[in-house]
**Student:** 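Pasting in a structure now, in structure tokens, and then I'll have a few things to ask.
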Amino acid sequence: MKNYFKTIKIDKNSRSRITEIYVRNKKIITPVFMPVATQASVKALSSQDIEEVGTQCMLSNTYHLYLRPGLEVLKKFGGLGNFMKTDKAILTDSGGFQVYSLSNLRKITEHGVHFSSHIDGSPHFFTPEKVIDYQSAINSDIWTHLDVCVKNPAEYEEAKDALKKTKNWAKKSIEHFKKITQDIQPKPKILAIIQGSVYKDLRKESLEWGYELGFDGFALGGLSVGETKQEMFETLDYITEIAPKDKPVYFMGLGDPIDIWTATKYGVDMYDCVLPTRNARNGQALTTYGKIYIKNACYKKDESVLDPECDCLTCKNYSRAYLSHLYKSGELLSHRLISIHNIRFLIRQTEIMRKAIEEDRFDDAFNEFLSKYNQTKLKI
RNA sequence: GUGGUUGUAGCUCAACUGGUUAGAGCAUCCGGUUGUGGCCCGGAAGGUUGCGGGUUCGAGUCCCGUCAGCCACC
């Protein structure tokens, strides 16, 4: 079997790297940003839009798809990719984060998690094995296991207890994964979710068992959930320093451009985040020269495009004034056009990073990015 | 012309028999959002209560006059 993970180039002056991940005849070049398609849709975008912005892989969500449309529907279609009409790779989140974010509706036991549907209140019970089965029905390319995410700041004992459950579930998950994917070709991959809050010994332990249990990569969970940026990056620095280098590292839920550059410097390969699409729907655009609020009055008559350095559909065609009008009028087209731009912006950053790593000038490129991005609002 | 009725923020409306600094929604302006519970969350600005008198310790509120809109009747 072809090695699924290959490091192509490591920057001379940082841990940033270019790697290739092969999964089910799909190749993902990292650093990669994955748009989020929680409910079988990157909100406001068609699969054609998703392809056009340069998406290699997207994230979807077991919890949401299980509740709606339901796994029978996805099975009938042969999986989420066929359902959505996309041939891009799909990574599925296990539902562990929903256990965390919908915590008022859930109860965790050592066997799994009881929760009420946020749609109709109906009771459900997720176990590690069931979540693996569900991802089989979704037929995604990269799977994750059920985990327990704790909010920061967390007491050491709380984080330790959550990690213990997570490890136990990870073990059950990968055993079940091996069993049910025995006859599937080509095989999907599965990532270990690394927990442990900001406690280094817990993070280390998590990485160790994640590796020993035979997972295909490390998904860093429990970060950007309430801790300060400094704590987040201290923890990340430690994790990426000691993480085995022969597997991909995925920072779950990171989407601020500066954060992505920083994490890449530390050696993170994969990112996903709702930020580019959610913020787009709330009128915020990411640009080379900083973020702009399209709803601000100064863009009302602005004939320039969102970002002069961007090559997306929106920036090739539409003025800020038009986007401002669409947003203020509540036109849904503004959601689509700004989402396209924001996702393209983040993907373009990863392309800029790869080029810089190839040329051993990641730090310089990072500084160039910062000096432009930190400028005050661009006014032409 | 006579009688009635209504004038409060840019808009639509609140404010018990007179009682702290006249409120809210929308619009406006400015932020926020990090493994998405689909137009979200937070903050700010904005008033000579149509105008002029009067009564009262105190008036958006009561009285008189006046202007404007609406309704009815001559």
Side-chain angles (χ1 to χ4, degrees), chain A residues 33-45 57-65 67-68 90-106 115-121 131 140 142-152 166 191-195 218-229 232-233 236 250-260 262-263 268 270-286 291-300 324 326-336 338-339 342 346 377:
Chain A
F33 179 79
M34 305 179 284
V36 179
T38 299
Q39 306 192 78
S41 151
V42 175
K43 293 187 193 303
L45 304 194
C57 181
M58 69 192 91
L59 186 86
S60 192
N61 195 292
T62 306
Y63 168 91
H64 292 280
L65 296 175
L67 289 178
R68 195 166 51 192
I90 296 172
L91 189 159
T92 33
D93 187 18
S94 62
F97 188 74
Q98 280 62 46
V99 169
Y100 158 80
S101 67
L102 310 177
S103 59
N104 53 335
L105 302 174
R106 64 96 167 96
F115 63 91
S116 299
S117 160
H118 70 277
I119 299 167
D120 60 8
V131 166
S140 50
I142 303 173
W143 301 5
T144 53
H145 64 81
L146 194 62
D147 67 320
V148 182
C149 184
V150 296
K151 191 179 200 150
N152 288 322
T166 299
L191 307 178
I193 299 189
I194 305 304
Q195 290 289 356
F218 306 110
L220 311 184
L223 290 173
S224 66
V225 286
E227 74 283 11
T228 65
K229 281 237 163 130
M232 180 174 94
F233 283 117
L236 178 66
Y250 160 37
F251 193 135
M252 307 181 91
L254 199 69
D256 180 272
I258 297 174
D259 292 348
I260 289 181
T262 308
V268 174
M270 306 164 74
Y271 306 93
D272 81 281
C273 196
V274 303
L275 191 136
T277 43
R278 177 188 289 162
N279 285 9
R281 294 194 303 280
N282 293 317
Q284 190 183 109
L286 304 167
K291 59 186 179 181
I292 71 175
Y293 294 89
I294 199 63
K295 54 189 164 184
N296 286 6
C298 57
Y299 304 118
K300 195 175 176 184
S324 163
L326 292 178
Y327 182 79
K328 291 199 175 193
S329 308
E331 286 294 336
L332 297 176
L333 182 57
S334 79
H335 294 183
R336 173 167 174 254
I338 302 174
S339 292
N342 280 354
L346 289 180
K377 286 172 189 169

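Below, read A as the first sequence line, B as the second, and so on, with proteins coming before strands; counting in each chain starts at 1. The structure displayed is predicted, hence computed values, not measured ones.
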**Student:** Anything below 3.5 Å on both distances counts as a pair; with that, list the stems of at least three consecutive Watson-Crick or G-U pairs involving RNA chain B.
**Tutor:**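 If one scans RNA chain B for consecutive Watson-Crick or G-U pairs, the stems found are B:1-7 with B:67-73, B:10-13 with B:23-26, B:28-32 with B:40-44, B:50-54 with B:62-66.
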**Student:** Look at the side chain of A/Lys43 and decide which nucleotide, out of B/C39, B/G38, B/U34, has an atom nearest to it.
**Tutor:** B/G38
**Student:** Any side-chain to backbone donor/acceptor pair from A/Asn342 onto A/Gln284? Under 3.5 Å, distance only.
**Tutor:** yes
**Student:** Please answer whether the main-chain N or O of A/Val225 pairs with a side-chain N or O of A/Glu227 as donor and acceptor at a distance below 3.5 Å.
**Tutor:**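 Checked: pair present.
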**Student:** What does A/Gln195 touch in the nucleic acid at a heavy-atom separation under 4.0 angstrom: a base, only the sugar-phosphate, or nothing?
**Tutor:**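 Base contact - A/Gln195 has a heavy atom under 4.0 Å of at least one base atom.
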**Student:** Can you say whether a donor on the side chain of A/Arg278 sits under 3.5 Å from an acceptor on the base of B/U33, or the other way round?
**Tutor:**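 No pair found.
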**Student:** May I have the distance from A/His64 (atom NE2) to B/G35 (atom P), rounded to whole angstrom?
**Tutor:** 11 Å
**Student:** Classify A/Ile119 by what it touches in the nucleic acid, base, sugar-phosphate, or nothing, heavy-atom distance under 4.0 Å.
**Tutor:**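 No contact.
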**Student:** A/Leu346 CG to B/U33 C1': how many Å, rounded?
**Tutor:**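 Spelled out: CG on A/Leu346 to C1' on B/U33 is 14 Å.
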**Student:** Which part of the nucleic acid, if any, lies within reach of A/Asp272 when heavy atoms closer than 4.0 Å are counted: base, sugar-phosphate only, or nothing?
**Tutor:**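 Sugar-phosphate only.
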**Student:** B/G35 P sits how many Å from A/Ile260 CD1, rounded?
**Tutor:**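 Interatomic distance, CD1 of A/Ile260 to P of B/G35: 11 Å.
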**Student:** Any side-chain N or O of A/Ser101 under 4.0 Å from OP1/OP2 of B/G37?
**Tutor:** yes
**Student:** NA contact type, A/Ala219, heavy-atom cut-off 4.0 Å: base, sugar-phosphate, or nothing?
**Tutor:** nothing
**Student:** Figure out the CG/C1' separation between A/Leu275 and B/C40, and round it to whole Å.
**Tutor:** 14 Å
**Student:** Over how many whole Å does the gap from A/Asn282 atom CG to B/U36 atom P extend?
**Tutor:** 16 Å
**Student:** Between the base of B/U34 and the side chain of A/Asp259, is there a donor-acceptor distance below 3.5 Å?
**Tutor:** yes
**Student:** Using OP1 and OP2 only, check whether a side-chain N or O of A/Ser224 sits under 4.0 Å from B/U34.
**Tutor:**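 Indeed not, no polar side-chain atom of A/Ser224 lies that close.
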**Student:** Please check: side-chain N/O of A/Ser117 versus main-chain N/O of A/Ile119, any donor-acceptor pairing under 3.5 Å?
**Tutor:**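 Here the side-chain-to-backbone pair exists.
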**Student:** When the P atoms of B/A27 and B/C40 are compared, how many Å lie between them, rounded to an integer?
**Tutor:**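 Comparing P positions in B/C40 and B/A27 gives a spacing of 9 Å.
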**Student:** In whole Å, what separates the C1' atom of B/G1 from that of B/C63?
**Tutor:**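 Their C1' atoms lie roughly 25 Å apart.
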**Student:** Counting only side-chain nitrogens and oxygens, does A/Gln98 get under 4.0 Å of the OP1 or OP2 atom of B/G35?
**Tutor:** no
**Student:** Rounding to an integer number of angstrom, what distance separates B/G50 and B/C13 when you compare their P atoms?
**Tutor:**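 Straight-line distance between the two P atoms is 15 Å.
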**Student:** Please test A/His145 against A/Ile193 for side chain to side chain contact (heavy atoms under 4.5 Å, CB included), starting from the C-alpha separation and ending with a verdict.
**Tutor:** CA-CA 7 Å; A/His145 64 81; A/Ile193 299 189; 3.8 Å; yes
**Student:** Base, sugar-phosphate or nothing for A/Gln39? Non-hydrogen atoms, less than 4.0 Å.
**Tutor:** sugar-phosphate
**Student:** Is atom NZ of A/Lys328 surrounded by more than 12 heavy atoms (other residues, nucleotides or ligands) closer than 6.0 Å?
**Tutor:** yes
**Student:** In whole Å, I'd like the distance from the CD1 atom of A/Ile338 to the P atom of B/U33.
**Tutor:** 17 Å
**Student:** Can you see whether A/Tyr63 engages A/Asp93 through a side-chain donor-acceptor pair at a distance of less than 3.5 angstrom?
**Tutor:** no
**Student:** Roughly how many Å apart are B/A44 and B/C39, using the P atom of each and rounding to a whole number?
**Tutor:** 24 Å
**Student:** Quick one: do A/Val274 and A/Lys43 satisfy side chain to side chain contact (heavy atoms under 4.5 Å, CB included)? Show the steps, please.
**Tutor:** CA-CA 9 Å; A/Val274 303; A/Lys43 293 187 193 303; over 6 Å; no
**Student:** Which part of the nucleic acid, if any, lies within contact of A/Thr277, taking any heavy atom under 4.0 Å across all strands shown: a base, the sugar-phosphate backbone alone, or nothing?
**Tutor:** base
**Student:** When the C1' atoms of B/U8 and B/U49 are considered, how many whole Å apart are they?
**Tutor:** 4 Å
**Student:** Measure from the side chain of A/Lys295, starting at C-beta and using heavy atoms only, and say which of B/G35, B/C40, B/G38 lies closest.
**Tutor:**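 Looking only at side-chain atoms, A/Lys295 lies closest to B/C40.
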**Student:** Taking C-beta and beyond as the side chain, do A/Ile294 and A/Ser334 meet within less than 4.5 Å on heavy atoms?
**Tutor:**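 In short, these two side chains do not touch, never coming nearer than 4.5 Å.
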**Student:** Reading RNA chain B from 5' onward, which residue's closest nucleotide shows up sooner: A/Met232 or A/Glu331?
**Tutor:**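 Looking at the nearest nucleotide for each, A/Met232 comes out on the 5' side.
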**Student:** Looking at every strand, decide which applies to A/Asn61 at a 4.0 Å heavy-atom threshold: base, sugar-phosphate, or nothing.
**Tutor:** sugar-phosphate
**Student:** Which nucleotide in the set B/U36, B/U34, B/C39 lies at the smallest distance from any side-chain heavy atom of A/Leu254?
**Tutor:** B/U34
**Student:** Name the closest nucleotide to the A/Ala297 side chain, picking from B/U36, B/U34, B/C30.
**Tutor:** B/C30
**Student:** Would A/Met270 and A/Ile142 satisfy side chain to side chain contact (heavy atoms under 4.5 Å, CB included), going step by step from the backbone distance to the final call?
**Tutor:** CA-CA 12 Å; A/Met270 306 164 74; A/Ile142 303 173; 4.3 Å; yes
**Student:** Where the side chain of A/Lys328 is defined as all heavy atoms beyond and including C-beta, which of B/G35, B/U28, B/U36 is the nearest nucleotide?
**Tutor:** B/U28
**Student:** B/A15 and B/U55: how far apart are their P atoms, nearest whole angstrom?
**Tutor:** 29 Å
**Student:** Please report, rounded to the nearest Å, how far the P atom of B/U34 is from the CD atom of A/Gln284.
**Tutor:**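 Going from A/Gln284 (CD) to B/U34 (P), I get 11 Å.
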**Student:** Rounded to whole angstrom, note down the P distance from B/U20 over to B/U61.
**Tutor:**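 Their P atoms lie roughly 14 Å apart.
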**Student:** Would you kindly compare A/His118 and A/Cys273 by the position of their nearest RNA chain B nucleotide and give the one closer to the 5′ end?
**Tutor:**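 Here A/Cys273 is the residue nearer the 5' end.
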**Student:** Step by step, would you call A/Thr262 with A/Lys229 a side chain to side chain contact (heavy atoms under 4.5 Å, CB included)?
**Tutor:** CA-CA 11 Å; A/Thr262 308; A/Lys229 281 237 163 130; over 6 Å; no
**Student:** If the C1' atom of B/G60 is compared with that of B/C16, how far apart are they to the nearest Å?
**Tutor:**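 Their C1' atoms lie roughly 14 Å apart.
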**Student:** Should the side chain of A/Lys291 and the base of B/U33 be counted as holding a donor-acceptor pair, with the cut-off at 3.5 Å?
**Tutor:**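 Side chain to base: no pair below 3.5 Å.
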**Student:** Expressed as a whole number of angstroms, how long is the span from A/Ile292:CD1 to B/G31:P?
**Tutor:**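 Taking CD1 of A/Ile292 and P of B/G31, I get 11 Å after rounding.
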**Student:** Could you check whether A/Leu220 gets within reach of a base, just the sugar-phosphate, or nothing at all, counting any heavy atom under 4.0 Å?
**Tutor:**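 No contact.
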**Student:** Can you tell me if A/Asn296 touches the phosphate of B/G31, counting only side-chain N or O atoms and a distance under 4.0 Å to OP1 or OP2?
**Tutor:** yes
